[in-house]
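Contents: one structure, followed by commentary.
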Amino acid sequence: MINVVFFAQLREQLKSDGLSLDIPTPCTVKDVQQALVKSHPEWQVYLSNSALMCAVNQDMVQLNAPVAQGNEVAFFPPVTGG
């Protein structure tokens with residue numbers, strides 16, 4: 001399982017804090033993103049934003065970064081306030 005979390009405005013747009021995703025690993029962040037859109041087609045408009053930022057285990061990464069079982073993948077908009 002991969003733990004997927006959403007932050008800031010993205011969490012509000014998707015109406016979800018996150019979810020557990022069961023997909024084959026190893027994979028990439030892009031694969032996780034595609035699996036999310038496949039299971040929730042209404043999320044495509046938000047998750048396909050080219051400015052969307054992502055992290056694996058709290059480290060900022062690009063979409064081609066590897067993801068393994070048990071990892072946390074986070075998606076968030078480019079500007080988050082605190």
Side-chain angles (χ1 to χ4, degrees):
M1 283 290 186
I2 296 168
N3 185 37
V4 181
V5 291
F6 307 113
F7 291 103
Q9 182 181 10
L10 185 62
R11 174 176 39 201
E12 295 169 13
Q13 292 167 328
L14 302 181
K15 297 178 178 67
S16 176
D17 291 346
L19 50 86
S20 293
L21 187 62
D22 188 16
I23 64 171
T25 58
C27 63
T28 65
V29 174
K30 181 71 171 175
D31 296 327
V32 171
Q33 184 183 42
Q34 290 172 341
L36 290 168
V37 169
K38 185 175 180 181
S39 63
H40 298 87
E42 68 278 13
W43 290 359
Q44 182 172 3
V45 66
Y46 305 110
L47 292 176
S48 63
N49 180 346
S50 63
L52 194 66
M53 299 180 78
C54 49
V56 174
N57 297 331
Q58 300 180 3
D59 290 325
M60 298 296 295
V61 297
Q62 299 296 316
L63 290 175
N64 63 349
V67 177
Q69 287 294 324
N71 283 172
E72 177 188 81
V73 177
F75 293 98
F76 45 96
V79 178
T80 58

Quiz item: Quick one: side chain to side chain donor-acceptor pair (under 3.5 Å) partners of Gln69, sequence neighbours excluded?
Solution: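 Gln69 satisfies side chain to side chain donor-acceptor pair (under 3.5 Å) with Thr25 only.
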
Quiz item: Quick one: side chain to side chain donor-acceptor pair (under 3.5 Å) partners of Asp31, sequence neighbours excluded?
Solution: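 Side chain to side chain donor-acceptor pair (under 3.5 Å) list for Asp31, sorted by chain: Thr28.
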
Quiz prompt | All pairs passing ring-ring contact (aromatic ring centres under 6.0 Å, His included) where residues 45-70 contributes a residue, at least two apart | solution =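 ring-ring contact (aromatic ring centres under 6.0 Å, His included) check on residues 45-70 returns no pairs.
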
Quiz item: Among all residues two or more places apart in sequence or in another chain, which pass the ring pair (Phe, Tyr, Trp, His ring centres under 6.0 Å) test with Phe75?
Solution: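 Testing Phe75 for ring pair (Phe, Tyr, Trp, His ring centres under 6.0 Å), a comparison that skips the adjacent residues, returns none.
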
Name each donor-acceptor pair under 3.5 Å that joins a side chain in residues 50-62 to protein atoms two or more places apart or in another chain, with its distance.
residue	atom	partner	partner atom	Å
Asn57	OD1	Glu72	N	2.9

Quiz item: With sequence neighbours left out, what residues match Val37 under side chain to side chain contact (heavy atoms under 4.5 Å, CB included)?
Solution: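 Applying side chain to side chain contact (heavy atoms under 4.5 Å, CB included) to Val37 gives Gln44, Leu47.
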
When the side chains of residues 16-24 are checked against the rest of the protein, which donor-acceptor pairs come out under 3.5 Å, sequence neighbours left out?
residue	atom	partner	partner atom	Å
Ser16	OG	Gly18	N	3.1
Ser16	OG	Gly18	O	3.3

Quiz item: Roughly how far, to the nearest 0.5 Å, is the CD atom of Glu12 from the CG atom of Leu10?
Solution: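 One gets 9.5 Å once the value is rounded to the nearest 0.5 Å.
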
Quiz item: Measuring from Lys15:NZ to Gln13:CD, what's the distance to the nearest 0.5 Å?
Solution: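 One finds 9.0 Å between NZ of Lys15 and CD of Gln13.
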
Would you say [X] and [Y] are hydrophobically clustered, going by side-chain heavy atoms of ILVMFWY under 4.5 Å?
X     : Y     : answer
Leu63 : Val5  : no
Phe76 : Trp43 : no
Met1  : Val29 : no

